[in-house]
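Everything on this sheet refers to the single structure shown next.
In what follows, residues are counted from 1 in the order of the sequence shown. Predicted model, so just to flag it, every value in this text is computed and none were measured.
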Amino acid sequence: MYSPAKYGILTEYLPHQRLVFANGWMEGLTVAAIILGAILGGIMLGPEFADFMLKHGSCREWICG
């Protein structure tokens, strides 16, 4: 989600007393999602994962030929 929208929506739904807490959680979860996405993306690009997916029928005929 676009960063200004993330933080702007918090001010609409939360009282001012909870904004610092919510901003901390939002920032922490954003960083965690970036790190987890990089790790999972690296795993999915590996040859072991590709072989596993091909062996278990996840590749449709019209995609894989």
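There is no path of hydrophobic side-chain contacts, each under 4.5 Å, that joins Leu29 to Leu10. Both Val31 and Ile39 are part of a single hydrophobic cluster, where members link through side-chain heavy atoms under 4.5 Å apart.
Checked options Val20, Leu14, Leu19; the residue passing with His16 is Leu19 (criterion: side chain to side chain contact (heavy atoms under 4.5 Å, CB included)).
Applying the side-chain hydrogen bond (donor to acceptor under 3.5 Å, both in side chains) test to Thr30 and every residue at least two apart in sequence or in another chain returns Lys6.
Interatomic distance, Leu40 CG to Leu45 CG, rounded to the nearest 0.5 Å: 11.0 Å.
Pairs of residues two or more places apart, or lying in two chains, that qualify as side chain to side chain donor-acceptor pair (under 3.5 Å) and include a residue from residues 20-29 are Tyr7-Glu27.
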